[in-house]
K.L.:
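Quick one: structure below, then a few questions.
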Amino acid sequence: MIDVELLRAHPERLRASQRARQADESAVDRALEADTARREALTAFETLRAEQKAFGRRVAKAAKDEKAALVSQVRELAERVKQAEAAARDADETFQAALRGIPNLVLAGVPEGGEDDYEVLREVGERTTFDFEPQDHVALGERLHLFDLERGAKVSGTRFYYLTGWGARLQLALLTMALDQAVANGFTPMITPTLVNPEIMRGTGFLDSHADEIYYLPADDQYLVGTSEVALAGYHAGEIIDLSKGPQRFAGWSTCYRREAGASGRDTRGILRVHQFDKLEMYVYTTPEDAAAEHQRLLAWEEEMLAKIEVPYRVINTAAGDLGSSAAQKFDTEAWIPTQGCYRELTSTSNTTTFQARRLGIRYRPEPGGPTTPVATLNGTLATTRWLVAILENHQQADGSVVVPDALRPYLGGLEAITPED
RNA sequence: GGAGACGUCGCAUAGUCUGGUCGAGUGCACCACCCUGCUAAGGUGGAGUCCCGGGUUUCCGGGACCGAGGGUUCAAAUCCCUCCGUCUCCGCCA
């Protein structure tokens with residue numbers, strides 16, 4: 001949620017932000033109007049309510065035989081209070097809805113435009129080349145019995161899969177390595193709920209821009225999370241937290257569920273785009289002043305992981321129009337996928353500034369005993385099931401085996417390569 | 001799944017039967033100051049969150065908030081309903 005003070009004092013900044021996102025500028029003015037209407041309605045109600053309370057005190061103090069007369073006098077006032085309260089509530093709901101309709105203010109440095117207007121910040125590593133015809137991850141995985149797509153489809157439908165044998169172990173190894181790295185950097189490991197209540201899902205902003213991506217269970221009025229970011233954001237909802245000892249960093253391990261509603265026909269092969277996968281996610285609560293620096297740290301930790309799996313990648317600065325409603329800036333890292341001849345997203349780190357925290361009511365005290373103010377929150381990927389695609393394709397050998405990157409070997413009992421004979 | 005008890009200001013509790021002077025007492029913790037020759041004890045005061053208006057760095061006035069949401073009433077922490085959560089017992093499954 002946008003800061004109301006910002007809306008009132010600098011609506012032009014929000015209009016510019018909306019333009020950069022290729023979103024509706026008039027939403028800003030509707031929110032401003034709704035704010036004015038809400039304040040008028042609130043003042044009207046509060047004036048009447050104060051009158052009523054003053055009268056109530058007189059009734060309480062009055063002698064018994066006078067009470068009936070006084071009470072009959074305020075009946076009509078009580079009715080007006082009730083109406084004014086309803087009007088104030090309606091005006092507030094209108095305002096809240098208008099405010100929620102405005103996505104986060106994009107930061108300076110975010111490229112304007114849509115999905116294809118990203119800026120490439122750097123490319124790291126040489127694009128992998130082979131002196132043989134490389135196989136795609138599906139062929140490799142099936143040959144090495146790392147996953148079973150056919151039976152995944154039989155049991156759960158398209159975009160579902162079983163990880164089997166070394167495939168299952170490879171995922172566990174990868175996520176465990178990610179968790180170890182996070183812990184070494186001061187993150188608190190968390191295994192989070194994957195089913196959350198509506199107010200938490202709404203608070204993270206996913207119901208705005210990604211609503212059709214989310215599984216919903218009507219019988220229970222709950223949502224399946226598409227990332228543990230949701231549960232980690234909700235963790236401190238409604239709380240005043242302590243940031244005096246620095247940022248609070250959490251590493252969430254969870255299964256993630258996505259409907260992939262708008263992606264029919266895209267990436268239908270293999271485990272690149274699936275309805276269910278596992279992820280290790282970083283989530284940070286920090287001060288608004290520190291958020292940009294923390295964002296760089298999250299990106300650096302992501303790149304540290306990519307270095308460990310030894311795949312070429314690039315880093316992009318996502319364009320404004322491709323940001324989620326909560327994000328003020330987003331960096332993706334994309335690994336080179338040899339058989340596709342392009343880079344594919346492996347990690348994504350967003351600075352959501354105070355946007356999520358405002359919606360979820362998460363504050364801190366900059367000064368001990370001083371007033372509260374919303375915290376800033378950030379998130380970033382450290383490993384997902386999809387990483388297996390990049391590992392398999394980039395480390396494949398002419399004989400169909402896949403060399404295990406050095407850093408992963410300790411997590412696989414020292415295994416150096418996955419070979420067809422296994 | 002059945003029965004019951006409970007949910008109050010950081011923690012622990014009072015207040016609910018008998019609606020009004022209760023945004024709410026007490027203890028502990030906390031902050032400031034005082035006192036005591038010093039990591040004890042004592043004294044005084046302060047202190048919740050959010051919103052609106054005015055003044056504008058630490059102020060004043062008003063409103064909301066006693067798990068959440070409805071209702072009754074001139075008036076609700078207090079009465080009624082629904083939901084959520086916690087605990088205890090029973091059943092069921094391990």
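As the structure is a computational prediction, the values presented were derived from the model and not from experiment. Side chains included, hydrogens not; waters and symmetry mates left out as well; all remaining heavy atoms used.
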K.L.:
List every contact pair, protein side and nucleotides 45-50 of chain B side both N or O, where the distance is under 3.5 Å.
P.N.:
unit_1 : atom_1 : unit_2    : atom_2 : d
U49(B) : OP1    : Arg365(A) : NH1    : 2.8
U49(B) : OP1    : Arg365(A) : NH2    : 3.2
U49(B) : O3'    : Arg363(A) : NH2    : 3.0
U49(B) : O2'    : Arg363(A) : NH2    : 3.1
C50(B) : OP1    : Thr372(A) : OG1    : 2.2

K.L.:
In whole angstroms, how far is the P atom of G62(B) from the CG atom of Leu42(A)?
P.N.:
15 Å

K.L.:
Would the Tyr257(A) and His275(A) ring centres measure less than 6.0 Å apart?
P.N.:
no

K.L.:
Reckon Arg8(A) touches a base, only the sugar-phosphate, or nothing at all at heavy-atom distances under 4.0 Å?
P.N.:
sugar-phosphate

K.L.:
I want to check a possible cation-pi pair here: Arg151(A) against Tyr162(A), using under 6.0 Å from ring centre and within 45° of the ring axis as the test.
P.N.:
no

K.L.:
Looking at the side chain of Ala50(A), which of C52(B), C74(B), G62(B) is the nearest nucleotide?
P.N.:
G62(B)

K.L.:
Given that both distances must come in under 3.5 Å, which nucleotide forms a Watson-Crick or G-U wobble pair with C92(B)?
P.N.:
none

K.L.:
Given C52(B), G63(B), C74(B), which nucleotide is nearest the side-chain atoms of Lys53(A)?
P.N.:
G63(B)

K.L.:
Reckon Gln52(A) has a side-chain N or O less than 4.0 Å from the OP1 or OP2 of A75(B)?
P.N.:
yes

K.L.:
For Arg38(A) and C52(B), is the shortest distance between a side-chain N/O and OP1 or OP2 below 4.0 Å?
P.N.:
yes

K.L.:
Once you apply the 3.5 Å cut-off to both distances, tell me the Watson-Crick or G-U wobble partner of C6(B), or none.
P.N.:
G85(B)

K.L.:
For Phe250(A) and Tyr235(A): C-alpha separation, side-chain torsions, deciding distance, then whether ring pair (Phe, Tyr, Trp, His ring centres under 6.0 Å) applies.
P.N.:
CA-CA 10 Å; Phe250(A) 298 98; Tyr235(A) 188 69; 5.4 Å; yes

K.L.:
What contact category does Phe55(A) fall into here, base, sugar-phosphate, or nothing, at under 4.0 angstrom with non-hydrogen atoms?
P.N.:
nothing

